[in-house]
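Contents: one structure, followed by commentary.
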Amino acid sequence: MNTAVQVRTRPLKEGFGAEILDVDLQRADESTIQAVVDTFHRHGAILLRGQTMSPGDLVDFISNFGEPEDHTLKEFTVPGHPKVYVLSNKVVDGKPIGAHNDGVGWHTDYSYKPEPVMATMLYAVETPAEGSDTLLADCVAAWNALTPAEQARYDGKIVHHSYQHFMRNREFGARELSDELKAANPDVFHPLVRTHPADGRKALWPSTGTVIEVMGMPKQEGLDLVQGAVDWVIQDRFVHRHKWQVGDVLMWDNRCTLHTGTLYDDTKYIRLMHRLWVRGDKPY
Ligand code: SIN
């Protein structure tokens with residue numbers, strides 16, 4: 001979409017993502033916000049540094065991209081702001097205020113839902129001086145770099161995802177689901193190669209954690225195929241490593257990326273991020 005206002009940008013990585021410069025989201029007018037939204041849709045990820053955003057500001061901002069999505073687990077949402085989820089190792093009055101190491105492991109958000117979230121936004125409130133980078137992999141570039149024969153191995157494959165499997169086996173915060181959560185999160189089936197609804201570009205779109213099998217393949221063979229796809233996508237040449245600063249707003253398009261959080265010295269540093277999601281649609 002053409003907009004009257006252009007925003008100044010520079011790539012996060014050659015051919016992927018854009019840092020948007022000189023925009024203060026709290027003061028930006030409607031045309032500038034529209035230009036930010038358009039930049040997001042063109043580049044797969046955007047970064048805006050030096051922002052000052054309350055939870056309410058974050059909800060207002062993300063609403064420009066679509067409907068803010070709910071979070072599966074409610075215990076770490078910001079009081080009064082159910083769409084804003086806290087990622088943190090901070091403990092207040094003896095109680096953790098956020099999910100710790102929640103996003104460590106390559107994945108695409110909400111892959112266990114029939115309509116995984118379109119976009120994820122993280123806003124940095126407090127950041128460690130080292131570690132805790134967020135890595136974004138460009139799954140379109142990864143797909144385009146495959147030979148036709150390799151593409152044919154992946155194309156048309158359907159992957160079985162399970163929230164119950166994920167929560168039972170995850171490295172951090174493993175737990176058995178309540179009956180209510182089980183009923184609300186039945187297994188789902190998604191393509192291993194996803195088509196972007198905006199322009200038809202294809203992305204190699206595996207995940208880890210929620211994957212149980214590839215339909216029609218012997219179990220181990222299917223898991224090896226998915227792992228091979230993950231290993232391909234997360235090569236350095238397709239990955240942007242984001243180093244956090246307080247006030248960063250980083251957003252990515254889950255339809256064409258994978259991402260992972262990384263560890264940090266949680267005995268030495270506090271990390272506090274606000275995460276918001278935008279509702280998505282059924283992958284094809
Ligand atoms: C996420 O996967 O949602 C969060 C990633 C991070 O904490 O860096």
Side-chain angles (χ1 to χ4, degrees), residues 12-13 17 40 44-49 53 55 58-59 62 65 68-78 81-90 96-113 116-139 161 163 166-167 169-174 185 205-211 230 233-234 239-266 269-280:
L12 291 180
K13 182 178 181 70
F40 169 81
I46 53 170
L47 167 68
L48 296 106
R49 297 209 115 136
M53 306 283 276
L58 293 170
V59 175
I62 206 160
F65 295 81
E69 180 63 276
D70 288 324
H71 294 276
T72 311
L73 303 176
K74 314 291 179 203
E75 67 245 54
F76 293 130
T77 53
V78 172
H81 294 281
K83 309 287 182 184
V84 183
Y85 195 74
V86 180
L87 302 174
S88 190
N89 58 328
K90 197 167 194 165
I97 62 157
H100 185 25
N101 290 332
D102 198 54
V104 175
W106 284 99
H107 64 286
T108 178
D109 284 337
Y110 241 38
S111 57
Y112 53 85
K113 288 285 196 184
V117 287
M118 184 272 272
T120 299
M121 176 171 79
L122 292 185
Y123 171 64
V125 180
E126 226 174 316
T127 56
E130 56 193 341
S132 97
D133 305 340
T134 300
L135 276 49
L136 304 179
D138 176 358
C139 297
H161 295 263
Y163 184 58
F166 168 58
M167 289 304 281
N169 296 297
R170 69 192 306 205
E171 191 177 350
F172 303 101
N185 296 281
W205 197 65
S207 200
T208 66
T210 59
V211 175
V230 172
V233 163
I234 66 173
V239 171
H240 165 65
R241 173 179 287 271
H242 180 64
K243 296 206 161 287
W244 288 101
Q245 295 173 10
V246 168
D248 284 354
V249 169
L250 180 69
M251 274 187 81
W252 58 87
D253 184 336
N254 285 298
R255 299 168 298 186
C256 54
T257 58
L258 291 191
H259 64 278
T260 180
T262 58
L263 301 177
Y264 57 99
D265 185 346
D266 55 10
Y269 300 120
I270 294 293
R271 186 182 200 243
L272 175 48
M273 316 291 284
H274 285 164
R275 180 176 72 194
L276 292 87
W277 281 337
V278 181
R279 184 158 286 187

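Each ligand, and each atom within it, is numbered from 1 in the order the structure gives.
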Which residue owns the protein heavy atom closest to atom 1 (C) of ligand 1, what's the atom, and how far is it? His259 NE2, 3.6 Å
With a 4.0 Å cut-off, would you call Arg170 and Asp102 a salt bridge? yes
At what distance is the nearest protein heavy atom to atom 3 (O) of ligand 1, and which residue and atom is it? Arg275 NH1, 2.9 Å
Does either side chain, that of Asn89 or that of Tyr264, offer a donor lying less than 3.5 Å from an acceptor on the other one? yes
Going by distance alone, is a donor N or O of one side chain under 3.5 Å from an acceptor N or O of the other, for Tyr112 and Thr72? yes
Measure the distance from atom 4 (C) of ligand 1 to every protein heavy atom, then report the residue, atom name and distance (to 0.1 Å) of the closest one. Leu87 CD1, 3.7 Å
Nearest to atom 7 (O) of ligand 1, what protein heavy atom do you find, and at what distance? Arg271 NH1, 2.8 Å
Hey, is ligand 1 close enough to Thr120 that some N/O pair sits below 3.5 Å? no
Quick one: pull up OG in Ser132 and CD1 in Ile270 and give me the separation to the nearest 0.5 Å. 11.5 Å
Answer whether the closest heavy-atom distance between the side chains of Trp244 and Arg271 falls below 4.5 Å. yes
Can you find a non-hydrogen atom of Leu122 under 4.0 Å from ligand 1? yes
May I ask you to say whether Glu126 pairs ionically with Lys90, meaning some side-chain N is under 4.0 Å from a carboxylate O? yes
Do Asp70 and Thr77 touch side chain to side chain, with heavy atoms closer than 4.5 Å? no
Specify the protein heavy atom at minimum distance from atom 8 (O) of ligand 1: its residue, its atom name, and the distance to 0.1 Å. Thr134 OG1, 2.5 Å
Does Thr262 approach ligand 1 within less than 4.0 angstrom via side chain, backbone, both or neither, non-hydrogen atoms only? neither
Closer than 4.0 Å to some heavy atom of His107 - which atoms of ligand 1 meet that? 2 (O)
